[in-house]
Amino acid sequence: MLNSENTLFAINDIKDEHLESARALLGYKVEEAPRHIARKRIITFALAAALILGLGTAAYAAGLFGIRALFIKDSASADIPDSGLLSLTQPQEVPEEMDAEIRRKIDNSTEAWAEWDTWRKSNGIFQPDVFVWPDDCVCDGCEDNGDGTWTVIFYAPISASYDEDGNLLGYYDGFREIERRTATQAEYEQNETYKQAVLYNAPLYGYDYNYQIYSQEMAEKLESIAASHGLKLRKARKVMYQNYGAFTQYASREEITAKINEVCAGGGHLFRTEPAAYEKFYYFNEGTFAVNFFLTGDAENGGTSCYLYCSPYGTLSSGFEIYDEVKDVSEFSSRSHMTPDGTELTVLQKGEDLYAYVYLENAFVTLHIRQPGLSDDEIDAALDMVDFSAIA
């Protein structure tokens, strides 16, 4: 509950850049202040009233301070409206002061995806919700009830073991049943068709699996929509994993760094300070790339993990390629951070998670850091590792 004392404390902590953003958003005009009165304090009380009391604390924290650029509105929980999914691949909301050309590119891609998604939902094949696996499930089974219904049974392992490289060796002590659902005959048949299409046909078409292409008709429609909006499509995904133990088919740290610099930085250097290790690096034909790297440790021994994703505006993208689930976006704090190359990042923090993002001239770039135990200086050093100016 906000009272006058709490409001004054909140007002005192508002930074100038946040006030200016709020002023532009709310349409306030600011008259020049007399010389002996601080200009900031004149506009502070008027804005704070709207920000804190009028919009509410959740809107104050989550709406104006950057989280809405990542928050997928359609994913919001009905019970907790500010809980849902954060996209790491597509801007979800663009600031009013954004460069007009960048805004046009983002709006164009958003409109193209909406067109594709509408067509796909009317013409595609989907898995019935009753067959979607619950958390911790590793397998399912179906029993014909003989009356036009099926019982869908989901199982989880009682225990599992892994080798020293973290690879699954097998499940032990059997499986435990975790849930039962009833499906109709029609749902069962639809699910069988869905599995046939997605598991066996989709890989034949060569598109990123997020487009869910499994027929020639769908491929042609997707190409048509992309072409009408002047957009590229993600194809020919290539992946490199770092070499651990006996898995010599994987690449070394040095080989992955070289390929990252070739693909992502035009032969320059994407990282000012090379990561301690990588888990994987993958990229597509049109400029989309992602790097899962470690500040300390590696995928075998653990460590501080980071996930960098670059999504060109000129690519047809949904925002659901990579996302995280969050419980309450109003709990995020927000700040700006300027990297050595002059890139201003928006930095969002909540608990052990940190998200940073920037609208570059041609791409939206995000960085997710799992930050247990990192000091503020160590977090800033991690943000400074990437030379964002090297990204084409």
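This one's a predicted model, so the numbers in the text were calculated from it and none came from an experiment.
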Give the cluster check for Leu85 versus Phe71: same hydrophobic cluster or not, with ILVMFWY residues linked at side-chain heavy-atom distances below 4.5 Å.
no
Under a plain distance cut-off of 3.5 Å, with no hydrogens placed, do Thr366 and Tyr307 share a side-chain donor-acceptor pair?
no
Kindly compute the distance separating CD (Gln216) from CD1 (Ile213), expressed to the nearest 0.5 Å.
9.5 Å
With a 4.5 Å heavy-atom cut-off, do Thr343 and Val386 have their side chains touching?
no
Going by the rule side-chain hydrogen bond (donor to acceptor under 3.5 Å, both in side chains), which residues pair with Glu189 if we only count those two or more places apart in sequence or in a different chain?
Gln185
Aromatic ring proximity, centroids under 6.0 angstrom, Phe131 and Tyr194:
no
Angle between ring planes, Tyr211 versus Tyr207, binned at 30° and 60°: parallel, tilted or perpendicular?
perpendicular
Partner set under side chain to side chain contact (heavy atoms under 4.5 Å, CB included) for Thr184, not counting sequence neighbours:
Ala186, Glu187
Is there a donor-acceptor pair closer than 3.5 Å between any side-chain N or O of Asp117 and the backbone N or O of Trp113?
no
Applying side-chain hydrogen bond (donor to acceptor under 3.5 Å, both in side chains) to Ser375 and not counting sequence neighbours gives Glu378
Where do Asn191 and Val152 land on the side-chain contact (heavy atoms from CB on, under 4.5 Å) test, with the steps shown first?
CA-CA 11 Å; Asn191 189 58; Val152 188; over 6 Å; no
Just wondering, do Leu383 and Leu354 contact through their side chains at under 4.5 Å, heavy atoms?
yes
Partners of Arg180 by salt bridge (Lys or Arg N to Asp or Glu O under 4.0 Å), sequence neighbours excluded?
Glu177
Suppose the criterion is salt bridge (Lys or Arg N to Asp or Glu O under 4.0 Å): which pairs have a residue in residues 197-218, not counting sequence neighbours?
Asp208-Arg234
How close do Ser87 and Thr89 get, counting heavy atoms only, and between which atoms?
OG-N, 3.2 Å
Answer whether the closest heavy-atom distance between the side chains of Asn108 and Leu231 falls below 4.5 Å.
yes
Is Val365 reachable from Ile379 through a run of hydrophobic residues whose side-chain heavy atoms are each under 4.5 Å from the next?
yes
What about Val132 and Tyr188, same hydrophobic cluster or not, with Ile/Leu/Val/Met/Phe/Trp/Tyr joined at side-chain heavy-atom distances under 4.5 Å?
no
Test item: Ser109 side-chain N/O and Lys105 main-chain N/O as donor-acceptor pair under 3.5 Å:
no
Any side-chain heavy atom of Gln90 within less than 4.5 Å of one from Thr110?
yes
Do Phe284 and Thr315 have side chains that get closer than 4.5 Å, going by heavy atoms?
no
Kindly check if the number of other-residue, nucleotide or ligand heavy atoms within 6.0 Å of OH (Tyr282) is above 12?
yes
Is the shortest heavy-atom distance from the side chain of Thr288 to the side chain of Pro312 under 4.5 Å?
yes
I'd like to know if Tyr205 and Phe126 are part of one continuous hydrophobic network [Ile/Leu/Val/Met/Phe/Trp/Tyr, side-chain heavy atoms within less than 4.5 Å].
no
Any donor-acceptor pair under 3.5 Å linking the side chain of Tyr313 with the backbone of Ala363?
yes
Residue pairs, two or more places apart or on separate chains, that pass side chain to side chain donor-acceptor pair (under 3.5 Å) and touch residues 129-138:
Trp133-Asp140
Salt-bridged, Lys235 to Glu223, with N to O below 4.0 Å?
yes
I need the Phe271 CZ to Thr273 OG1 distance, nearest 0.5 Å.
10.0 Å
Sequence neighbours excluded, which residues qualify as side chain to side chain contact (heavy atoms under 4.5 Å, CB included) partners of Glu254?
Ser252
Is it true that, when you exclude Asp147 itself, more than 12 heavy atoms of the residues, nucleotides or ligands shown sit nearer than 6.0 Å to its CG?
yes
Contacts of Ser389 meeting side-chain hydrogen bond (donor to acceptor under 3.5 Å, both in side chains) (sequence neighbours excluded), chain-then-number -> Asp387
Is any side-chain heavy atom of Glu321 closer than 4.5 Å to a side-chain heavy atom of Tyr309?
yes
Looking at CG of Leu270 and NZ of Lys259, how far apart are the two atoms once the value is rounded to the nearest 0.5 Å?
14.5 Å
Counterpart residues, side-chain hydrogen bond (donor to acceptor under 3.5 Å, both in side chains), relative to Arg370 (two or more places apart)
Glu352, Asp353
Could you list the residues that satisfy side chain to side chain contact (heavy atoms under 4.5 Å, CB included) with Lys350, not counting sequence neighbours?
Lys327, Asp328, Glu331, Phe332
Asn292 side chain vs Phe281 backbone, donor-acceptor pair below 3.5 Å:
no
Pairwise ring pair (Phe, Tyr, Trp, His ring centres under 6.0 Å) hits with a residue in residues 362-385, at least two apart
Tyr355-His368, Tyr357-Phe364, Tyr359-Phe364
Output yes when a side-chain donor or acceptor of Glu179 lies under 3.5 Å from a complementary backbone atom of Phe154, and no otherwise.
no
Mark yes or no for whether Thr257, through its side chain, and Arg253, through its backbone, hold a donor-acceptor pair below 3.5 Å.
yes
Taking the side chain as every heavy atom from C-beta outward, state whether Thr193 and Gln196 have any pair of such atoms under 4.5 Å apart.
no
Check against salt bridge (Lys or Arg N to Asp or Glu O under 4.0 Å), Arg104 and Asp107
CA-CA 5 Å; Arg104 184 196 66 77; Asp107 289 345; over 6 Å; no
Sorted by chain and number, sequence neighbours left out, side chain to side chain contact (heavy atoms under 4.5 Å, CB included) with Thr296 holds for Thr304
Tell me if the OH atom of Tyr209 is crowded by more than 12 foreign heavy atoms within 6.0 Å.
no
Are Ile106 and Leu316 in one and the same hydrophobic cluster, where Ile, Leu, Val, Met, Phe, Trp and Tyr link if side-chain heavy atoms are under 4.5 Å apart?
no
Using the side-chain contact (heavy atoms from CB on, under 4.5 Å) rule, take Asn362 and Ile391 through it: C-alpha gap first, then chi angles, then the decisive distance, then the call.
CA-CA 9 Å; Asn362 296 308; Ile391 299 174; over 6 Å; no
Would you say the side-chain atoms of Arg181 pair up with the backbone N or O of Trp150, donor to acceptor, closer than 3.5 Å?
no
Is it the case that Asn201 and Ser215 place a side-chain donor and acceptor less than 3.5 Å from each other?
no
